[in-house]
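What follows is a single structure, written as structure tokens, with notes after it.
Both backbone and side-chain heavy atoms feed into the values below; hydrogens, waters and symmetry mates do not.
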Amino acid sequence: TPPDMVLIPAGEFVLGAKPVDSSPEFLTDRTASSNAQPMQTHKTGAFYIDIYEVTYDQFLRFKPQSKNEESKPGEPRRGITWHEADAYCP
């Protein structure tokens with residue numbers, strides 16, 4: 001096991017949301033209409049995931065040009081693209 005990571009076993013999960021009259025606060029209209037419906041069952045293989053979120057400092061060492069004056073050193077890094085996250089992960 002890599003340090004500070006945990007193994008997530010293979011299995012199934014449900015992705016999406018049921019259409020309802022009122023959506024949870026975190027589910028925007030855009031999300032609900034574009035990719036959250038219909039509910040679907042997905043299978044995934046086993047994989048490792050970090051126990052802790054990637055901090056601003058950790059990501060800044062990887063990509064120095066991503067400096068953000070509003071972020072604090074120990075905070076989780078937010079607002080990166082899928083491509084940045086994919087490049088960060090070995």
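- Judged as a side chain to side chain contact (heavy atoms under 4.5 Å, CB included), and not counting sequence neighbours, the contacts of E53 are P76.
- Nearest approach of T55 to P73, heavy atoms of both residues: CB-O, 3.9 Å.
- Hydrophobic cluster membership is shared by Y52 and I8, with clusters built from Ile, Leu, Val, Met, Phe, Trp and Tyr side chains linked at under 4.5 angstrom.
- With contacts defined as side-chain heavy-atom distances shorter than 4.5 Å, the pair D4/D50 does not qualify.
- The OG1 atom of T41 sits 9.5 Å away from atom CG of L15, with the distance rounded to the nearest 0.5 Å.
- Counted within 6.0 Å of NE2 on H83, heavy atoms from surrounding residues, nucleotides or ligands total 12 or fewer; the atom is thus considered open.
- Rounding to the nearest 0.5 Å places NZ of K72 at 13.0 Å from CG of D57.
- Note that OH of Y88 and NZ of K63 are 13.5 Å apart. Values are rounded to the nearest 0.5 Å.
- In the displayed structure, F13 atom CZ is contacted under 6.0 Å by more than 12 heavy atoms of other residues, nucleotides or ligands.
- Checked against side chain to side chain contact (heavy atoms under 4.5 Å, CB included), I80 has the following partners two or more places apart in sequence or in another chain: F59, R77, E84, A85.
- The CD1 atom of I51 sits 9.0 Å away from the CE atom of M5 when rounded to the nearest 0.5 Å.
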